[in-house]
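This report refers to the structure that appears directly beneath it.
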Amino acid sequence: MESRLDYFGSALGGKVLKHINSAGKAASDAGLPATTQELVKIRASQINGCGFCTDMHTKDAAAAGETSVRLNLVAAWREATVFTEAERAALELAEQGTRLADASGGVTDDAWANAAKHYDEEQLVALISLIAVINAYNRINVINQQPAGGYQPGQFG
């Protein structure tokens with residue numbers, strides 16, 4: 001499989017990614033636990049069918065010490081006992097925030113209230129922003145058919 005075009009090598013693509021990366025960095029540095037961030041990125045990427053981001057974030061999480069059991073159970077987190085209540089709240093928010101077109105009501109008040117029990121306001125802003133950024137990356141990669149499998153942990157810095 002080959003990508004439709006060299007988005008990452010494009011001058012315009014580079015400009016766009018620079019701004020998305022800046023937004024992602026701001027969200028990443030806002031105090032949300034790194035483990036939670038990776039779980040959220042993995043789940044949104046799974047939902048969106050983004051192999052490139054799923055590959056990247058599972059490998060980065062594993063390199064940071066995440067267990068294979070937890071990584072293998074992200075897609076089935078509701079039936080898994082290996083996630084904390086805070087992680088489960090973040091995964092629920094990520095799912096609902098990613099599936100906006102599938103859910104006529106968007107993010108439910110219950111999902112929001114549950115997340116707000118576990119995260120302070122800045123962490124919630126970071127979580128919302130992280131969900132938005134990973135969805136943007138997913139869309140770029142899926143539209144471009146960016147192949148998955150070759151990512152090396154830390155490849156992008």
Side-chain angles (χ1 to χ4, degrees), residues 1-68 70-77 83 86-103 106-107 111-112 115 118-157:
M1 177 179 193
E2 290 186 28
S3 59
R4 289 181 165 143
L5 54 81
D6 184 8
Y7 189 94
F8 299 111
S10 160
L12 177 58
K15 288 178 186 177
V16 170
L17 292 175
K18 176 182 171 186
H19 293 288
I20 296 173
N21 288 340
S22 293
K25 177 83 169 113
S28 292
D29 292 346
L32 190 64
T35 300
T36 302
Q37 292 183 44
E38 289 301 324
L39 294 173
V40 163
K41 290 185 244 182
I42 292 164
R43 187 63 192 126
S45 299
Q46 290 171 333
I47 291 165
N48 288 323
C50 183
F52 187 83
C53 288
T54 302
D55 181 40
M56 178 190 324
H57 295 294
T58 55
K59 287 177 179 175
D60 283 347
E66 187 58 80
T67 69
S68 60
R70 283 171 45 94
L71 291 174
N72 290 331
L73 289 173
V74 171
W77 65 268
F83 300 106
E87 290 168 341
R88 295 169 70 76
L91 288 164
E92 177 71 18
L93 194 65
E95 281 192 4
Q96 289 187 17
T98 297
R99 291 187 162 137
L100 293 175
D102 298 341
V107 174
W112 180 258
H118 299 284
Y119 301 102
D120 65 29
E121 191 166 299
E122 284 300 301
Q123 290 173 318
L124 289 168
V125 170
L127 192 52
I128 291 168
S129 301
L130 183 67
I131 294 165
V133 167
I134 195 61
N135 273 276
Y137 275 119
N138 291 164
R139 279 145 179 78
I140 289 168
N141 290 325
V142 169
I143 293 166
N144 194 41
Q145 292 184 342
Q146 196 66 39
Y151 177 80
Q152 299 298 315
Q155 177 177 325
F156 296 122

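Within the 3.5 Å criterion, the main-chain N or O of Ala86 finds a donor-acceptor partner in the side chain of Tyr119. A donor-acceptor distance shorter than 3.5 angstrom exists from the side chain of Arg88 to the backbone of Trp77, with no hydrogens or angles considered. Not one N or O on the side chain of Glu95 forms a donor-acceptor pair closer than 3.5 Å with the backbone of Glu92. Within the 3.5 Å criterion, the main-chain N or O of Ala44 finds a donor-acceptor partner in the side chain of Asn48. Lys59 places a side-chain N or O within 3.5 Å of a backbone atom of Gly149 that can act as its donor or acceptor partner. Judged by distance alone, with hydrogens and angles left aside, the side-chain atoms of Asn138 form no donor-acceptor pair with the main-chain N or O of Gly49 at under 3.5 Å. Between the Asn72 side chain and the Ser68 main chain, a donor and an acceptor come within less than 3.5 Å of each other. At least one donor-acceptor pair under 3.5 Å links the side chain of Gln123 to the backbone N or O of Gly31. Between the side chain of Arg139 and the backbone N or O of Asn135 there is at least one donor-acceptor pair closer than 3.5 Å.
Under the side-chain contact (heavy atoms from CB on, under 4.5 Å) criterion, Phe8 pairs with Asp6, Leu17, Phe52, Asn141, Gln146, sequence neighbours left out. Residues satisfying the side-chain contact (heavy atoms from CB on, under 4.5 Å) test with Val142, not counting sequence neighbours, are Cys50.
Between Ser28 and Gln37, the side chains place a donor N or O and an acceptor N or O closer than 3.5 Å (distance only, hydrogens not considered).
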Practice problem: Assess whether side-chain contact (heavy atoms from CB on, under 4.5 Å) is satisfied between Tyr151 and Thr54, documenting all intermediate values. | Solution: CA-CA 10 Å; Tyr151 177 80; Thr54 302; over 6 Å; no
Inset, instruction - Walk me through it: do Asp60 and Lys41 pass the test side-chain contact (heavy atoms from CB on, under 4.5 Å)? - result: CA-CA 11 Å; Asp60 283 347; Lys41 290 185 244 182; over 6 Å; no
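Contact between Gln96 and Gly106 at its shortest, heavy atoms only, is OE1-O, 3.8 Å. Between Ala126 and Ala27 the shortest heavy-atom distance is CB-O, 3.6 Å. Of all heavy-atom pairs between Ala62 and Leu71, the closest is CB-CD1, 3.9 Å. Of all heavy-atom pairs between Ala63 and Pro153, the closest is CB-CB, 3.8 Å. Nearest approach of Cys53 to Ser45, heavy atoms of both residues: CB-OG, 3.2 Å.
Atoms CD and CZ, on Gln145 and Arg4 in that order, are 3.5 Å from each other to the nearest 0.5 Å. Expressed to the nearest 0.5 Å, how far OG1 of Thr98 lies from CD1 of Ile131 amounts to 6.0 Å. Considering OG1 of Thr36 and CG of Leu127, their distance stands at 8.5 Å, rounded to 0.5 Å. The CD1 atom of Ile128 sits 11.0 Å away from atom CG of Leu32, with the distance rounded to the nearest 0.5 Å.
Residue Val74 is tested with Thr58, Ile42, Val40 for a side chain to side chain contact (heavy atoms under 4.5 Å, CB included); the sole match is Ile42.
The environment of Gln155 atom CD is dense: over 12 non-hydrogen atoms of other residues, nucleotides or ligands sit within 6.0 angstrom.
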